[in-house]
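Before any comments, here is the structure.
Both counts, for ligands and for their atoms, begin at 1 and track the order of listing.
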Amino acid sequence: MKFYSIKDPVRFEGPSAKGDLAFRWYNPRQKVMGKTMAEHLRFAVCYWHTLCWPGLDPFGGDTFLRPWHHDSDPMGAARTKADLMFETLRLLGVDYFTFHDLDIAPEGRSLKEFNANVTAIANIFEAKMAKTGKKLLWGTANMFSNRRFMAGAATNPDPDVFAYCAAQVKHCMDVTHGLGGENYVMWGGREGYETLLNTKIGHELEQAKRFLSLVVDYKHKIGFKGPILIEPKPQEPTKHQYDYDVATVYATIASLGLQKDVKVNIEQNHAILAGHSFEHEIALASALGIFGSIDINRGDYQSGWDTDQFAMNIPEMALAQYEILKAGGFTSGGMNFDAKIRRQSIDPDDILHAHVGSIDACARGLLIAAKMIADDKLAQLVDARYAKWKEPRNKAMLAGKESLEAIAARVHKSGLEPQPSSGRQEALENLLNTYL
Ligand code: XLS
Ligand code: NI
Ligand code: NI
């Protein structure tokens with residue numbers, strides 16, 4: 001099926017490129033701090049926004065009129081989407097894709113039929129992946145769209161839904177594993193509640209933890225090497241969501257001692273909805289040892305919705321990439337475009353423009369962040385701020401070698417009086433602007 005207007009992959013043409021569909025900054029083979037840009041950024045195209053969403057909003061329906069949305073044969077439509085995913089990856093030169101089970105195959109009339117449909121499309125993927133070298137960054141189960149999940153998936157008051165979810169996730173993990181997926185994602189779309197009047201929070205949290213433990217046990221049983229990634233989000237669709245932000249998710253993971261197996265998939269827009277900055281969530285995950293992967297998009301700072309726009313803001317991308325580089329970069333994770341074109345962007349090529357622009361913004365962010373690291377001035381200034389902790393006595397205090405009374409006695413004996421020094425925020429902001 002001819003969908004996009006171009007036949008040849010988008011190429012790197014440098015900042016002075018003339019065409020609309022060219023990379024100005026993203027040169028996959030260019031080395032930055034010892035790795036190629038492609039190795040650093042590990043981009044993925046997502047199925048749901050790119051091929052499934054028809055452009056609807058709460059006030060209106062389908063604006064895109066994609067032919068496969070109107071195909072009377074749902075498996076035929078699923079095969080068309082599979083072809084288009086690989087065509088999109090080819091044209092963009094992106095190596096990875098991501099999906100929900102429900103994105104790739106029709107639900108059918110039973111879970112058995114659904115599983116069979118998912119497997120049939122996964123077999124198509126397998127052949128295409130072998131031929132093209134494209135890879136699966138992660139798979140996930142959609143346990144929020146069907147009405148059976150309206151009161152939650154694993155945290156549903158009805159244990160039948162919990163059990164159903166176990167069966168659905170098991171199959172999706174099998175398929176993800178079979179395709180060599182590098183991570184497995186869990187986003188708790190409806191794992192939360194609308195009103196306490198009908199909810200037992202404590203019980204639901206116990207359910208969530210049990211479900212996570214079962215998933216981790218199964219991951220070991222099948223020898224799935226990648227991490228399970230929980231994707232925090234504070235609300236939408238539920239009013240109160242249990243996976244609020246990185247800190248909240250960490251509490252769940254740590255309470256089960258699963259920091260080695262479970263990490264986070266941080267989404268820019270979700271960070272904004274939680275009242276944080278994107279870089280805050282990355283830095284915190286890294287500090288807690290649970291940094292996994294990124295859903296790259298952009299929230300709207302006015303609207304308070306998960307608008308999932310393509311990330312185009314270069315200074316913001318630079319700060320995010322700086323935190324990612326400081327975290328040591330990705331291992332199994334990558335940058336998944338969990339982003340959708342606006343509903344007025346009805347031309348197929350708009351999908352390409354969106355990805356190309358955002359890939360370039362990420363690449364520029366990476367180049368700026370690499371400059372910040374190479375120059376080292378920022379790091380030195382921060383280190384200087386904490387330098388006194390290197391003194392033996394303070395090191396011992398941090399290591400817990402001195403009791404509270406002993407510290408108190410020492411303070412009284414020496415007449416210690418802390419001397420504040422400037423936090424220099426404006427000077428640091430000026431320094432940051434020199435890199436941009
Ligand atoms: C929705 C989430 C979702 C996850 C995958 O807000 O971002 O798209 O990434 O279930
Ligand atoms: Ni997401
Ligand atoms: Ni989202």
Flag the pair [X] and [Y] as a salt bridge only when some basic side-chain nitrogen lies within less than 4.0 angstrom of an acidic carboxylate oxygen.
X    : Y    : answer
R90  : E87  : yes
R42  : D95  : no
R298 : E316 : no

For [X], take its heavy atoms, then give the atoms of ligand 1 lying under 4.0 Å from any of them.
X    : result
H100 : 5 (C), 10 (O)
E231 : 2 (C), 3 (C), 4 (C), 5 (C), 7 (O), 9 (O)
D295 : 9 (O)
D306 : 1 (C), 6 (O)

Any N or O of W187 closer than 3.5 Å to N or O of ligand 1: no

I368 and L436: CA distance, side-chain angles, deciding distance, side chain to side chain contact (heavy atoms under 4.5 Å, CB included) verdict: CA-CA 6 Å; I368 294 165; L436 302 175; 3.9 Å; yes

Among H40, M335, K326, side chain to side chain contact (heavy atoms under 4.5 Å, CB included) partner for Q321: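 The passing option is M335.
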
Trace of the side chain to side chain contact (heavy atoms under 4.5 Å, CB included) decision for V262 with V249: CA-CA 10 Å; V262 186; V249 168; 5.9 Å; no

Identity of the nearest option to atom 6 (O) of ligand 1, non-hydrogen atoms only, from M186, H49, K233, E267: K233

N, O or S atom within E231 nearest to the Ni ion (ligand 2), by name: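 Of all N, O or S atoms in E231, the Ni ion (ligand 2) lies closest to OE2.
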
Shortest-distance N, O or S atom of D338 relative to the Ni ion (ligand 2):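 In D338, the heteroatom (N, O or S) nearest the Ni ion (ligand 2) is OD2.
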
Minimum-distance N/O/S atom that D306 presents toward the Ni ion (ligand 3): OD2

H270 and ligand 1 - part of the residue with a heavy-atom distance under 4.0 Å: side chain

Opening angle between OD2 in D295 and OE1 in E267, taken at the Ni ion (ligand 2), to 10 degrees: 100°

Salt bridge (Lys or Arg N to Asp or Glu O under 4.0 Å) between D174 and K170, intermediate numbers included: CA-CA 6 Å; D174 288 342; K170 179 195 174 287; 2.9 Å; yes

Exercise: identify the closest heavy-atom pair between A379 and Y322: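 Smallest heavy-atom distance, with atoms named: N-OH, 4.1 Å.
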
